[in-house]
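Note that the structure is a prediction, hence the values are computed from the model and not measured. The chains referred to below are lettered A, B, ... by the order of the sequence lines, with proteins before strands, and numbering in each begins at 1.
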Amino acid sequence: MKISSWNVNSVRARIDNVIDYLKTDKPDILFLQEIKTENVNFPTEDFKKLGYDSYVFGQKSYNGVAFLTKIKIQNIQTNLFKDELKQSRIIAGDIQLKNKKINLINIYVPNGNPVNTEKYTYKNNWLTKFLKSIKKNLTLNKNIIIAGDFNIIPDEIDVHNHEKYLNDALFKIEIRKFYRELLNYGFKDIYRFLNKDKQEYTFWDYMAGSFQKNNGMRIDHFLITDNLIENIKTIKINKKPRSKPKPSDHTPIELELN
DNA sequence: ATGGCGGTCATGGACCGA
């Protein structure tokens with residue numbers, strides 16, 4: 001089974017790219033972030049034609065997350081905790097993989113810049129509440145996959161120029177601590193777990209030829225509980241969608257399980 | 001580079017992203 005995660009920076013502006021990706025790479029489940037549309041305007045029919053059901057937690061203009069899936073997802077939840085700004089940043093559900101029930105959690109963490117503003121406070125509060133609800137979920141199910149746009153650069157190796165990011169909301173120690181704490185709960189950053197020294201990115205901004213120069217960062221992640229390590233076949237960052245016309249600034253990350 | 005580019009929308013230019 002293949003699960004992909006992709007911040008598409010508007011599902012409607014990116015519809016051709018997403019359809020092309022589904023046809024070429026055929027994920028069983030695609031976690032989408034930043035769909036930037038309300039449920040009613042989500043292109044459900046386009047995906048239905050390709051055999052995908054849509055589970056959408058949309059919002060006008062900003063944010064929004066969704067699952068596209070070929071397999072059944074049960075117990076869809078969008079209210080794991082109370083979002084103080086009522087933004088659509090999390091959708092979760094359960095799938096069955098052989099004898100294991102797996103809890104899938106698709107997230108779009110607030111960016112948090114600039115620091116020293118209410119945006120940064122919001123990110124801190126959001127992550128605090130998120131970790132609390134993950135801790136609770138772990139008491140119910142030891143099989144959890146969290147994926148999405150974390151807006152966290154885990155370590156120096158994960159950004160092209162780490163010196164410049166020390167006081168950035170994506171790389172501040174205070175923010176990276178949330179990520180480390182999740183690992184302490186019993187999750188693996190499965191990309192880094194299987195690629196100890198590899199320097200690859202999932203995001204390149206649109207400016208000044210960042211993609212061509214490979215000035216990027218790794219901020220889209222798959223965290224899986226230790227229970228699921230035996231089920232992992234591969235984890236790959238697929239750069240191809242970022243190289244196509246009219247791309248998202250993020251590229252998909254893909255997990256294969258058996 | 002308090003900008004660069006690209007997305008949305010009470011379509012103007014503001015706001016947002018990372």
Side-chain angles (χ1 to χ4, degrees), chain A residues 5-19 21 31-43 56-66 83-90 106-124 126-127 130 147-176 178-179 199-221 237 239 241-253:
Chain A
S5 173
W6 191 10
N7 176 325
V8 287
N9 185 17
S10 169
V11 70
R12 289 186 291 172
R14 217 66 60 211
I15 188 66
D16 293 344
N17 306 57
V18 178
I19 286 172
Y21 176 72
F31 291 24
L32 294 173
Q33 301 90 35
E34 265 202 283
I35 59 172
K36 290 188 170 178
T37 186
E38 295 169 290
N39 290 29
V40 62
N41 293 321
F42 190 84
V56 185
F57 185 33
Q59 181 184 332
K60 196 179 217 176
S61 301
Y62 306 117
N63 315 311
V65 287
D83 187 308
E84 69 194 50
L85 299 181
K86 296 187 162 56
Q87 298 187 347
S88 303
R89 296 183 172 277
I90 185 160
N106 174 5
I107 59 169
Y108 175 45
V109 178
N111 174 297
N113 277 314
V115 297
N116 304 319
T117 67
E118 67 289 344
K119 288 177 193 287
Y120 186 73
T121 310
Y122 174 56
K123 183 178 197 175
N124 249 291
W126 198 96
L127 284 167
F130 177 64
D149 178 356
F150 282 65
N151 272 319
I152 299 175
I153 301 164
D155 229 316
E156 293 181 358
I157 189 177
D158 298 307
V159 60
H160 72 284
N161 190 353
H162 62 86
E163 300 88 355
K164 278 193 179 166
Y165 286 87
L166 276 172
N167 197 36
D168 189 284
L170 278 67
F171 193 58
K172 273 177 82 78
I173 292 289
E174 186 179 27
I175 295 298
R176 290 154 69 191
F178 285 108
Y179 198 75
Q199 193 156 21
E200 285 189 305
Y201 306 130
T202 63
F203 168 89
W204 301 260
D205 70 35
Y206 290 120
M207 278 83 86
S210 294
F211 183 63
Q212 287 70 25
K213 294 179 201 156
N214 199 27
N215 292 343
M217 52 181 80
R218 191 174 73 92
I219 53 176
D220 300 87
H221 309 298
I237 293 169
K239 275 181 81 169
R242 183 64 181 82
S243 71
K244 301 220 164 160
K246 213 172 176 294
S248 167
D249 40 9
H250 295 249
T251 212
I253 177 166

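- Counting any heavy atom pair closer than 4.0 Å across all strands shown, Tyr108(A) reaches sugar-phosphate atoms only and no base atom.
- For dT8(B), neither phosphate oxygen OP1 nor OP2 lies less than 4.0 angstrom from any side-chain nitrogen or oxygen of Arg12(A).
- Within 4.0 Å of Ile153(A), counting heavy atoms only, lies no atom of the nucleic acid at all.
- Separating the P atom of dC15(B) from that of dA1(B) is a span of 24 Å, rounded to the nearest Å.
- Using a 4.0 Å heavy-atom distance criterion, Asn41(A) is classed as making no nucleic acid contact.
- Rounded to a whole Å, the CZ atom of Phe203(A) is 13 Å from the P atom of dG7(B).
- Under the 6.0 Å distance and 45° angle rule, Arg176(A) counts as a cation-pi partner of Phe171(A).
- In this structure, the CG atom of Asp205(A) is 10 Å from the C1' atom of dG17(B), given to the nearest Å.
- Checking dC9(B), dG7(B), dG17(B) against the side-chain heavy atoms of Ser61(A) singles out dC9(B) as nearest.
- For the pair His160(A)/Met217(A), no side-chain contact is recorded, criterion being any heavy-atom separation below 4.5 Å from C-beta on.
- Heavy atoms of Lys123(A) sit nowhere under 4.0 angstrom from any nucleic acid atom.
- Counting heavy atoms from C-beta on, the side chains of Arg242(A) and Pro252(A) never come closer than 4.5 Å.
- Ile175(A) contributes atom CD1, which lies 6.5 Å from atom CD1 of Ile152(A) (distance to the nearest 0.5 angstrom).
- The interatomic distance linking Tyr122(A) (OH) with dG17(B) (C1') rounds to 14 Å, in whole Å.
- Ring orientation note: the planes of Trp126(A) and Phe130(A) are close to parallel, at an angle under 30° on the 30°/60° scale.
- Asn167(A) places its CG atom 16 Å from the C1' atom of dT2(B), with the value rounded to the nearest Å.
- For dC16(B), neither phosphate oxygen OP1 nor OP2 lies less than 4.0 angstrom from any side-chain nitrogen or oxygen of Lys60(A).
- Phosphate contact (OP1/OP2 of dC16(B), side-chain N/O of Lys36(A), threshold under 4.0 Å): absent.
- Among the heavy atoms of the strands lying under 4.0 Å from Ala13(A) are primed sugar atoms or P, OP1, OP2 only; no base atom is included.
- Contact check for Phe42(A) versus Leu32(A): side-chain heavy atoms found under the 4.5 Å cut-off.
- Comparing dG7(B) with dT2(B), their P atoms are spaced 23 Å from each other, to the whole Å.
- Here dG17(B) presents its C1' atom at 9 Å from CE of Met207(A), a figure rounded to the nearest Å.
- Between Asn161(A) atom CG and dA1(B) atom P the separation is 14 Å, expressed in whole Å.
- The same atom, P, is picked in dG4(B) and in dA14(B); the two are 14 Å apart, to the nearest Å.
- Between Gln59(A) atom CD and dC15(B) atom P the separation is 17 Å, expressed in whole Å.
- With both ends at atom P, the span from dG6(B) to dA10(B) equals 23 Å, rounded to whole Å.
- In terms of position on DNA chain B, the residue among Val109(A) and Lys246(A) whose nearest nucleotide sits closer to the 5' end is Lys246(A).
- A straight line from CG of Asn215(A) to C1' of dC5(B) spans 15 Å, rounded to a whole angstrom.
- The residue among Asp149(A) and Arg14(A) whose nearest nucleotide of DNA chain B lies closer to the 5′ end is Arg14(A).
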